[in-house]
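A short worksheet on the structure shown next.
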Amino acid sequence: SGKNNTVIRIGVMPDVDSIPLIVALNNGYFKDAGVDVEIHHFKSAQERDSALQSGNIDGAVSDMLAAAFAKDGGFDVKITSMTNGSYKLLVNKDAGVNSIADLKGKNIAISANTIIEYTTDKILENAGLKSTDINKVIIPQIPTRLEMLQNGKVDAATLPDPLASEAVKNGAKLLGSSDRLGINPGVMVFTSDAIKKNSKGIKAVYEAYNRAVEYLGNQPVTEYIDLIIKEAGFPEDIKGSIQLPSYTKAEIPSKEDMDDVIDWLTSKQLVKKSYSYEELVDDEFVR
Amino acid sequence: MIEIKGLTVRYRQRHRCFLALDNINLTINNGDICAVIGPSGCGKSTFLYVLSGIIKEYEGNVLIDGKHINASEQRIGLILQDYGLLPWRNVYDNVTLGLKMKGGYKGDTEYIQYIVERLGLRDLLDRYPGQLSGGQRQRVAIARSFVLRPSILLMDEPFSALDAITREEMQDLFLKIWNEYRVSTVLVTHSIDEAIYLGRKIAILSPSPGRIIKIIENPLFGTEDLRIKNEFYEMEMEIRKIIRGDSHNES
Amino acid sequence: MIEIKGLTVRYRQRHRCFLALDNINLTINNGDICAVIGPSGCGKSTFLYVLSGIIKEYEGNVLIDGKHINASEQRIGLILQDYGLLPWRNVYDNVTLGLKMKGGYKGDTEYIQYIVERLGLRDLLDRYPGQLSGGQRQRVAIARSFVLRPSILLMDEPFSALDAITREEMQDLFLKIWNEYRVSTVLVTHSIDEAIYLGRKIAILSPSPGRIIKIIENPLFGTEDLRIKNEFYEMEMEIRKIIRGDSHNES
Amino acid sequence: MSLKGYFRYIYAMIGVVAVWYVLSIIANLPIIPSPLNVFVNTYIIFKAKIAIHVMYSIYRIFMGLILSIAIGVPLGLAMGYIPRIDSVMSPVVYLLYPIPKIAFLPVVMLIFGLGELSKIIMIMLIVVFQIIVSSRDAVKGIPEETYYSLMALGAGRLGIFKEIVIPAAMPEILTSIRVGLGTAVSVLFFTETFGTKYGIGYFIMDSWMRVNYLDMYSGIMILGIIGLCLFLLIDIMEFLLCPWKQ
Amino acid sequence: MSLKGYFRYIYAMIGVVAVWYVLSIIANLPIIPSPLNVFVNTYIIFKAKIAIHVMYSIYRIFMGLILSIAIGVPLGLAMGYIPRIDSVMSPVVYLLYPIPKIAFLPVVMLIFGLGELSKIIMIMLIVVFQIIVSSRDAVKGIPEETYYSLMALGAGRLGIFKEIVIPAAMPEILTSIRVGLGTAVSVLFFTETFGTKYGIGYFIMDSWMRVNYLDMYSGIMILGIIGLCLFLLIDIMEFLLCPWKQ
Ligand SMILES: Nc1ncnc2c1ncn2[C@@H]1O[C@H](COP(=O)(O)OP(=O)(O)OP(=O)(O)O)[C@@H](O)[C@H]1O
Ligand SMILES: Nc1ncnc2c1ncn2[C@@H]1O[C@H](COP(=O)(O)OP(=O)(O)OP(=O)(O)O)[C@@H](O)[C@H]1O
Ligand SMILES: [Mg+2]
Ligand SMILES: [Mg+2]
């Protein structure tokens, strides 16, 4: 792979999807691949997207919905690969809920019009419930959602990892998750600008990414958990309990997954038009 | 009766204290009028601040009818040198402020009417102090204290902003009211005429720090057409001499 | 020369206008002193506000040396009725404020020293106005206007807060300065004595709205020991009559 | 206000829009849409999508502000007037004011639930300190002499409060309400994002998340207009409450 | 301040901690940790984990505040003093003040990038309006008569500004700085969360995301103390800037 002098700036959030990138940076894989990568940490999706839209980062660990929204909002971004993450529907242990069917009429904390709501709907749908069967309570901030769940202010909540693991560790019950369903809406996006200017560099990023995935598969968790806690901003006490997803080498998202997300968005009238797979996905990097 | 014994007042400044009044001894009988004169800055206003309970830190004893000053128990009518009107109250409310504070003014409307009339404030009742001339403000302050029917009346140069003729009318109004109610009065003035006309007693203070140089029992009190009398002229000369310090050994 | 022709001033109130001065005509020659007397609220202060450029909305013409009032070109010394000191400046800075505004006071230090001394402010120079007595504040205001060596001096009851003796000293100081610089002066006063002693011309205003009842050329101006003279007494009686309106047909 | 005054208002608005327009042209990015598009969009969606949010927000602003005033003004005035209260409460205020209230969102939600009350409490927690500090300083600025006539009348604390402290501090209390109002409106975006789907703060945040900048700017514009109207309301209140100032 | 005054400060602190302690006992939840644990935790982590954040935050607060003062005070004073400026600028301020500045994060990032400048600009955007409004109202509150002596001296606008407007408005300018300071500190948690790993706002947010409530409360406490110190600094400034008030 050739030398690249332009930096590639990638925005990440404190979630499990970003771990391969953090490992790659820490282990020097990017350098080995001949690309200069900066990882910018954000605490909320809004900040990450603002940075992306204002051109302060070239790409981000994101999700299909955010990508579709960006496209819909007039920003030329492309999904370049899937990432491995997990969104979990959890119930408070005292809520008297043992199966998804029991959730009927209960309060579920989510964030509206996000991957969280999408996943929740999918999990419910899969168990034969409609999204109107339950009472959605909007709590955008993840730690606050966790707290409301743990203190019984809501019966259930959908959380991403690592806070989902934290909740489980503190006694919440796992009812369903995106990986159990086999859906995977987490993706990596790059702006078309960045793709145009530096496609070589992005290729190199994936080279390093795949090396990191390999490393994550080979090494015991104990080897890198401290790094993750420090760099990704994970809770200290998930050390023994966290179930990291089995990371896969970068690949493009499946068409069904993508179409399903777009269907969901259009049915809720959240996007102005229905986007095709090709409009959203650029498969040149991880073919 | 107002008894003042060894009254000493200091103002605190940044680094030091400033002695404003030094060992004042004075007794004012019930129904008496004591005029206080003295050079600018000698502590006359300070003296009234003490008597009206505004300044609470002082040395010495000040007793009103044998009791310590307590503005909420006594009915003190105070005319401040800068009038002390409330800018956010119109003339009528400023005039009746004292009555209101002392609990209602039912039955007093006629008297209020009368005082307002005599002080020429009738057309100004709904103005705010900011819309009045200096003399008009002073008259509002006078009205406020008169209307209160105070048991003690403290007046700090109450007629200083009034023209000669209005001033004489006000002096006579004051005498009329005093004759009716015999209110114990302390009148700070810088006019020797006024002190002689209105003071039954005249206390003369020294330049700062204020000490009492002399207390004169004034035989000319209330005399009409004072200024054409010879005694008046002699008295004035005497007071001037005392103030100038020519007569130190006399005091 | 100050020429005032048909000056009419109104104050805007909430719903109506208040007529404060009505058709004032007056000429004050260079180096002249015009004393203005009139009942409380007749518009004397308003008159000075116009002359000093504070009130800019009026009817009629006011010319100073043939030009319209422009406070930044003329050197106007103004003593306000409520002194107009800046609370955030100490006495020295208040005294020299005018000089500073008019561009520096180099070379004037001796004169400043002299005025400060004569007004008895020497020990107070680093105090703030809030720490002064009423009379002391007034003296600061006097000092400010004197120190400026104004070409026009406007004084609104400048000695009202001073005791009789200080007041006389100040009057004499004013005369001394006037004799030296012959500054055109308008002196608003409520003391007829003062008007006779200090006014070369005496303008008498009617009660509100202020109109000029009479302008007297005063032969007694500057006479020493005025008060023991018979002419003084006669003059005072005459002025009183005019003010009371007894002599309406005369005017 | 004269006719000329109203014209100035309009000029000012035109100025803001012009700056915005120029910015949008220079940037040529969806994050700064052209004001014209935003106006059209607002016109189209107002009735269907924005009006309901406005109602909710105004209610919350009002309640939050009234609660803040009800707590902040008396406490601030008391602190300004009674040194002993000040010296106990000032450090408390100084310590609590700078604390980011959003960090206490979970605690507030635990105590007050997920409904309206906790939103109003959040507004109050943010605004009340500004009002306390301003009211306190207003009273401290009253010159000593102002109290003299009432002291001589032996007025009690209550009388002095009513006759002097409140009217003397009134203009600055109104200032503090203005400041509080601006703040209350501008924090809607995080007091209205939980437990509700209504409120202009929610609308803005949601539009932002959906990268619908046209909607977002429409919401922002509406929020600005809400604020402007409430500010004018306070200006009128000032006119009525301080008649001696005219 | 007397010794007694200092004691009151300490009593006040003890009071706050006591309330906190009682709350923590009642709640018995990690989200309200006991103050004692927080103190111990702060002591342990301060040097290693917090000190560096404090430096960054203080720098940003200072810069943001100074920028806000540099823009807000002159503009506010000019608006208060010159009615023509007021009638043009007031509606602009009224319109822009209530807008949630976080919604402009993309624009700010676009213009100023992810670095220090955009954080400082964010603080400024939030604080400057409070300062403008307070300064303007301060000047409007100056009684007409105050200007008379300088008008008679024919002082120009600059002279009147220097001799009257600024000193007369100084106490309220200081109030507005106090209010601005409190706000500047309390918004750190969202001005410091992008493009940086330093700052006490970042530290609090980070700890929160990590569900490390002990660290979070340590950060909040430190933030409160930073605020308290800065407030005391302003109190001292007031003492020096307004000598005529004592
Ligand atoms: N702002 C105002 N609004 C309305 N009327 C006013 C205002 N200021 C003054 N006046 C009125 O104008 C008249 C003239 O006021 P001015 O202060 O000039 O009187 P003056 O002759 O100086 O009185 P004094 O001897 O009492 O100082 C008064 O009757 C007063 O009530
Ligand atoms: N706050 C203060 N701090 C320091 N000194 C003060 C303060 N207030 C007044 N003084 C001083 O105390 C002395 C007495 O003041 P006071 O006002 O009682 O004088 P006064 O006799 O009323 O004078 P005047 O006739 O000029 O009104 C004055 O010399 C004055 O300078
Ligand atoms: Mg006095
Ligand atoms: Mg006057």
Side-chain angles (χ1 to χ4, degrees), chain B residues 11-12 45-46 48-56 64 69-91 93-103 126-132 137 140-141 144-145 147-148 150-156 186, chain D residues 69 73-74 76-77 80-87 134-135 137-178 234-246:
Chain B
Y11 283 104
R12 249 191 241 135
S45 301
T46 308
L48 292 197
Y49 289 161
V50 171
L51 288 184
S52 56
I54 292 170
I55 290 184
K56 293 191 179 89
I64 296 181
I69 301 163
N70 185 337
S72 60
E73 278 174 24
Q74 274 112 16
R75 217 174 159 88
I76 300 174
L78 174 66
I79 302 172
L80 286 161
Q81 195 170 6
D82 62 354
Y83 325 136
L85 305 183
L86 301 183
W88 38 83
R89 293 257 173 247
N90 66 19
V91 168
D93 290 340
N94 262 297
V95 167
T96 54
L97 180 73
L99 290 174
K100 204 171 132 199
M101 285 292 115
K102 290 297 182 189
D126 56 357
R127 291 233 197 137
Y128 289 97
Q131 303 170 320
L132 298 179
R137 281 179 214 180
V140 175
R144 177 197 288 169
S145 69
V147 136
L148 183 64
S151 58
I152 299 164
L153 185 57
L154 306 172
M155 307 199 284
D156 199 348
V186 179
Chain D
I69 294 169
V73 170
L77 296 182
Y81 182 54
I82 304 165
R84 222 179 317 163
I85 296 187
D86 187 41
S87 63
S134 304
S135 309
D137 287 5
V139 179
K140 285 194 168 175
I142 302 173
E144 190 57 27
E145 301 86 62
T146 318
Y147 297 103
Y148 285 179
S149 12
L150 265 92
M151 282 166 84
L153 287 168
R157 288 227 158 123
L158 210 74
I160 291 183
F161 237 82
K162 219 185 115 215
E163 296 294 328
I164 294 189
V165 174
I166 292 176
M170 188 53 78
E172 279 144 79
I173 292 174
L174 286 167
T175 302
S176 79
I177 294 177
R178 279 196 191 96
I234 295 179
D235 283 2
I236 293 171
M237 243 166 71
E238 169 147 45
F239 187 81
L240 296 176
L241 282 174
C242 303
W244 67 92
K245 286 250 158 190
Q246 290 122 37

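Because the structure is predicted, anything quoted here is derived from the model rather than measured. Numbers restart at 1 for each chain; the letters A, B, ... are given by sequence-line order, proteins then strands.
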### Task
Before giving the answer on side-chain contact (heavy atoms from CB on, under 4.5 Å), spell out for Gln81(B) and Glu145(D) the whole-Å C-alpha distance, their side-chain angles and the decisive distance to 0.1 Å.
CA-CA 11 Å; Gln81(B) 195 170 6; Glu145(D) 301 86 62; over 6 Å; no
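In this structure, Leu153(D) CG and Arg144(B) CZ are separated by 6.5 Å, a value rounded to the nearest 0.5 Å. In this structure, Ile55(B) CD1 and Tyr148(D) OH are separated by 6.5 Å, a value rounded to the nearest 0.5 Å. The structure places CH2 of Trp88(B) at 5.5 Å from OG1 of Thr146(D), a figure rounded to the nearest 0.5 Å.
Using a 4.5 Å cut-off between heavy atoms, Ile69(B) does not touch chain D at all. With a threshold of 4.5 angstrom between heavy atoms, Tyr83(B) does not approach chain D through any atom at all. Only the side chain of Gln131(B) comes within less than 4.5 Å of a heavy atom of chain D; its backbone N, CA, C and O stay farther away. Proximity to chain B (any heavy atom under 4.5 Å) is shown, for Ile164(D), by both the backbone and the side chain. Both the backbone and the side chain of Ile76(B) come within contact range of chain D, each with at least one heavy atom under 4.5 Å from a heavy atom of that chain.
Scanning all heavy atoms of the two residues, the minimum distance from Ala71(B) to Ala152(D) falls at CB-O, 3.6 Å. Here the closest heavy-atom approach between residue Ala155(D) and residue Met101(B) is recorded as CB-SD, 3.5 Å. Of all heavy-atom pairs between Ser72(B) and Gly154(D), the closest is CB-O, 3.2 Å. Looking at every heavy atom in both residues, Pro87(B) comes nearest to Trp244(D) through O-CB, 3.2 Å. Listed here is the closest heavy atom pair of Arg89(B) and Glu163(D): NE-OE1, 2.8 Å.
For the pair Ile54(B)/Tyr147(D), no side-chain contact is recorded, criterion being any heavy-atom separation below 4.5 Å from C-beta on. Pro243(D) is listed as a side-chain neighbour of Tyr128(B), based on a closest heavy-atom distance under 4.5 Å.
With a 6.0 Å radius and a threshold of 12 heavy atoms from other residues, nucleotides or ligands, Leu240(D) has its CG atom above the threshold.
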